[in-house]
Amino acid sequence: MALPTQKRSKSRKKVKQYKNRLKSKILSICPQCKKPLLSHHACPNCGKYSNREIFQPRADKKKRKEEIKKAKEK
Ligand SMILES: [Zn+2]
């Protein structure tokens, strides 16, 4: 079985990992809201995938907290 001729140092390994992380992900554009999104994923902004609604996009955190407070008061 083939073996590496030299040990790869921790530093070299980490430099390579860092460079791999820098490579940008391939993005496409949402046809509904024109925002960048990962291909084959539902849009996180409008919650749609191929003109079908997959999920309701989350409102702002402050709005959600207010809604929860109102619901508890009732
Ligand atoms: Zn969208």
Side-chain angles (χ1 to χ4, degrees):
M1 197 169 81
L3 290 170
T5 52
Q6 279 186 315
K7 180 187 175 182
R8 181 181 285 167
S9 69
K10 288 176 190 174
S11 170
R12 279 208 172 270
K13 185 174 79 179
K14 287 182 177 176
V15 165
K16 189 170 185 179
Q17 286 174 346
Y18 176 71
K19 282 183 177 175
N20 284 339
R21 263 178 243 140
L22 283 180
K23 287 175 187 170
S24 61
K25 291 175 181 174
I26 299 164
L27 297 174
S28 54
I29 294 168
C30 176
Q32 304 290 325
C33 60
K34 312 291 181 197
K35 289 209 171 186
L37 75 155
L38 287 170
S39 54
H40 302 285
H41 282 72
C43 177
N45 189 51
C46 61
K48 288 185 178 180
Y49 182 73
S50 70
N51 295 332
R52 281 184 290 133
E53 192 168 333
I54 307 299
F55 62 90
Q56 290 273 326
R58 287 183 171 180
D60 292 331
K61 278 188 176 180
K62 284 182 181 177
K63 282 184 183 176
R64 265 193 284 155
K65 282 183 179 177
E66 285 171 10
E67 285 175 5
I68 291 167
K69 275 186 181 178
K70 283 181 184 175
K72 281 184 180 177
E73 284 170 6
K74 289 176 184 174

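Here the structure is a predicted model, which means the values were calculated and not measured. Order of appearance sets the numbers: ligands from 1, and atoms from 1 within every ligand.
- With rounding to the nearest 0.5 Å, the separation of CZ in Arg12 from NZ in Lys7 is 14.0 Å.
- The hydrophobic cluster containing Phe55 also includes Tyr49, Ile54, under a criterion of side-chain heavy atoms closer than 4.5 Å among ILVMFWY residues, counted directly or through chains of members.
- For the Zn ion (ligand 1), the nearby protein N/O/S atoms, meaning those under 2.8 Å, are Cys30 SG, Cys33 SG, Cys43 SG, Cys46 SG.
- Annotation: the span from Cys30 atom SG to His41 atom NE2 amounts to 14.0 Å, rounded to 0.5 Å.
- Atom NZ of Lys69 is separated from atom NZ of Lys72 by 9.5 Å, given to the nearest 0.5 angstrom.
- Atoms CD1 and CG, on Ile29 and Leu37 in that order, are 9.0 Å from each other to the nearest 0.5 Å.
- The two atoms that bring Lys48 and Glu53 nearest to each other are CG-CA, 4.0 Å, heavy atoms only.
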